[in-house]
Participant: 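The structure is given below, and queries will be raised subsequently.
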Amino acid sequence: MTDLETVIKSNNLFKNVSVTEYHKNGKLIKTEIDKENFKNGIKILKSNGISNLLLLTPYETGNNITITYHLFDVHNKILVELSVSIEQGSMEIESLTDLWDGANWHEREAYDMFGIVFKGHPNLERILQMKDSDRFPLRKSFKLNVEGNA
Amino acid sequence: MSEMWINMGPQHPMTHGLWNLRVKVDGERIADARAEIGYLHRGIEKIAEIKTYTEFIPLSDRFLCYASAMSWEMAYIGAVEKVMNIEIPKRASYIRVIVLELQRIASHLMWLASWTADLGLLTMFLYAMREREQFLDLMQMITGGRLHYVYMRFGGVVKDLPEGFKEIALPVLDQFEKRLRDYKHMMDESEVFILRTKGKGIWEKEYAISMGVTGPNLRASGVKTDLRKETPYLSYADFDFDIATGTACDTYDRYVVRMIEMSESIKIVREALKKLPDGDFKLFSIPRVPPKGSAIFMSEDPRGLSAAYLVSDGTLHPYRLKFRSPTYFNIQGAVPAIIVNERIADVPSIIGSIDVCLGEVDR
């Protein structure tokens, strides 16, 4: 197994690679990937030591939604921050549940809060809100009705 | 035999908060289970977007885990400090280690109390609560609060340790260290306790890792991982302590790991008090708002690996703030895997052993 950093740097699927530390001795590799190559990229990471999906954070960037995946190698303490951008019009991306069972609740929460559809997810339903809710509260278009605040 | 679904929760003494564990039973045996969460959802990540950075500090300890508020303050403040790119003074980071480890002991004692109450070991419940009281008193002495502290600030902590704290804290630690051994003996001599914990709720190592299980639960499954030791943040690198691990992956090992962790935390606090350097307890010149950028801060919460991911757009409010709750993934990994094929009477002991805290699960 080659070093994860070398793998990411030598593969042209991964763009804008930068390497820092999240804590002492803990390597943080930030990179970006296109939506088309997303699943392949994740598979490459998985076969080079990434052991689970730590955090999935979608957020709006203009007309797009950026989804940041934090992928963690438990044994070598390497954290990969992989960003992928999807258009607000389509709101679809491949699910990672076939690679890690643990991605299940991450993706259900992202669907619940943003309405992102994860293709191939076995049970994509709301998790924190009520099942019959029609709101996606973490979108910027959803305004909180609080006096004195935006 | 015919199968049927039973709702354990949302109101059930076992759940320690509001969530619904649906179990399918075949006689006494659990055939399947599902977890329904969200009863306590308050939308903390959305609320963060309309609060200023400082306004959110009190919320970060109220909205997340109420049994370990300090570690969640640390997660939030750590992420903001990362974006600000500031280095805190040595004394401030020592004080943070002291309060975080006192919090870890208090949190583990809270777990021990509620879990042993589930098991019907009410003697241990009362002892654990009594010990926790002493640690809450210490926390009160430092911060003024017993559960919600609002003690940390960007760049350090709000005030220095009170005078004479070391002289009061050290005897408490010594006494607790001795009592902890007694409690362990007392529990281990209880045959009922052993019968209800050993070999129950097996959490396979590979499965636990892929489900995102972290913290004492993962260590009990034999993975020697602890961010404090392997990727030291704050000043954890200065202290001598061990990572507790189990081998049997069962309920009993999860209990043992937490008991050892408490005594390791005592060691850290004691050493930190002895080595406490002079200097400022806070960095006084910090930017009012963090610049544009993003950062993740991961820390070893009493319940597992917690993280806060902050995306800042340079305005007064966080643009996006995401918390990783360790218990969220511990529950995901636990249901149904570790209770299937166990008896229904063992469910409270198995689920209790993963240390559930619903405040952080539902956020």
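First the proteins, then the strands, lettered A, B, ... as listed; each starts at 1. The structure displayed is predicted, hence computed values, not measured ones.
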Participant: Out of Asp112(A), Leu28(A), Thr68(A), which one racks up the most heavy-atom pairs below 4.5 Å with chain B?
Facilitator: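 If we count pairs closer than 4.5 Å to chain B, Thr68(A) comes out on top.
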Participant: Counting only non-hydrogen atoms closer than 4.5 Å, does Thr214(B) touch chain A with its backbone (N, CA, C, O), its side chain (CB onward), both, or neither?
Facilitator: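 For Thr214(B), neither part sits under 4.5 Å from chain A.
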Participant: Counting only non-hydrogen atoms closer than 4.5 Å, does Phe142(A) touch chain B with its backbone (N, CA, C, O), its side chain (CB onward), both, or neither?
Facilitator: both
Participant: For Glu73(B), is there an ion pair with Arg96(B) - N to carboxylate O distance below 4.0 angstrom?
Facilitator: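 So Arg96(B) does not pair with Glu73(B) through a salt bridge.
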Participant: Assign the ring pair Phe323(B) / Phe56(B) to parallel, tilted or perpendicular, where the plane angle (0 to 90°) is split at 30° and 60°.
Facilitator: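 Parallel: the ring planes of Phe323(B) and Phe56(B) meet at under 30°.
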Participant: Chain B heavy atoms under 4.5 Å from Lys131(A): which part of the residue, side chain, backbone, both or neither?
Facilitator: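 Interface part for Lys131(A): side chain.
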Participant: Counting heavy-atom pairs under 4.5 Å to chain A, which of Lys46(B), Glu45(B), Lys82(B), His41(B) comes out on top?
Facilitator: Lys46(B)
Participant: Does any heavy atom of chain A fall under 4.5 Å from the side chain of Ala237(B), the backbone, both, or neither of them?
Facilitator: side chain
Participant: Using non-hydrogen atoms only, which part of Phe329(B) is less than 4.5 Å away from chain A: side chain, backbone, both, or neither?
Facilitator: side chain
Participant: Salt bridge check: are Asp34(A) and Lys15(A) linked by an N-O gap of less than 4.0 Å?
Facilitator: yes
Participant: Relative to chain B, which segment of Leu99(A) carries a heavy atom at a distance below 4.5 Å: side chain, backbone, both, or neither?
Facilitator: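 Neither; nothing under 4.5 Å.
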Participant: Which bit of Ala35(B) comes within less than 4.5 Å of chain A, counting heavy atoms only: side chain, backbone, both or neither?
Facilitator: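 Both backbone and side chain.
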Participant: If I measure from the heavy atoms of chain A, does Glu206(B) come under 4.5 Å with its side chain, its backbone, both, or neither?
Facilitator: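 No part of it gets close to chain A.
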Participant: Could you tell me whether a side-chain N or O of Arg219(B) sits under 3.5 Å from a main-chain N or O of Thr225(B), the two making a donor and an acceptor?
Facilitator: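 Flag set: sc Arg219(B) to bb Thr225(B) pair under 3.5 Å.
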Participant: Taking side chain as everything from C-beta outward and backbone as N, CA, C, O, which of these in Met130(A) sits under 4.5 Å from a heavy atom of chain B? Side chain, backbone, both or neither.
Facilitator: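 Neither; nothing under 4.5 Å.
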Participant: Are Lys77(A) and Glu230(B) close enough for a salt bridge, meaning some N to O gap below 4.0 Å?
Facilitator: yes
Participant: Given that the side chain runs from C-beta out, which part of Arg320(B) has a heavy atom under 4.5 Å from chain A: side chain, backbone, both or neither?
Facilitator: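 When you check distances to chain A, only side chain atoms of Arg320(B) fall under 4.5 Å.
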Participant: Distance alone, cut at 3.5 Å: any donor-acceptor contact between the side chains of Tyr22(A) and Glu81(A)?
Facilitator: no
Participant: For Tyr53(B) and Tyr76(B), I'd like to know if the aromatic rings sit close, meaning centre-to-centre distance below 6.0 Å.
Facilitator: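 Centroid separation for Tyr53(B) and Tyr76(B): 6.0 Å or greater.
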Participant: Where on Val361(B) is there a heavy atom nearer than 4.5 Å to chain A: the side chain, the backbone, both, or neither?
Facilitator: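 Backbone only.
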Participant: Does any backbone or side-chain atom of Leu227(B) lie under 4.5 Å from a heavy atom of chain A? Answer side chain, backbone, both or neither.
Facilitator: side chain
Participant: Side chain, backbone, both or neither: which part of Lys224(B) has an atom under 4.5 Å from a heavy atom of chain A?
Facilitator: neither
Participant: Counting N and O atoms only, with roles assigned by atom type, does the side chain of Asp301(B) sit under 3.5 Å from a partner on the main chain of Pro326(B), one being a donor and the other an acceptor?
Facilitator: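 Checked: no pair found.
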Participant: Backbone N or O of Leu124(A) within a donor-acceptor pair of the His121(A) side chain at under 3.5 Å?
Facilitator: yes
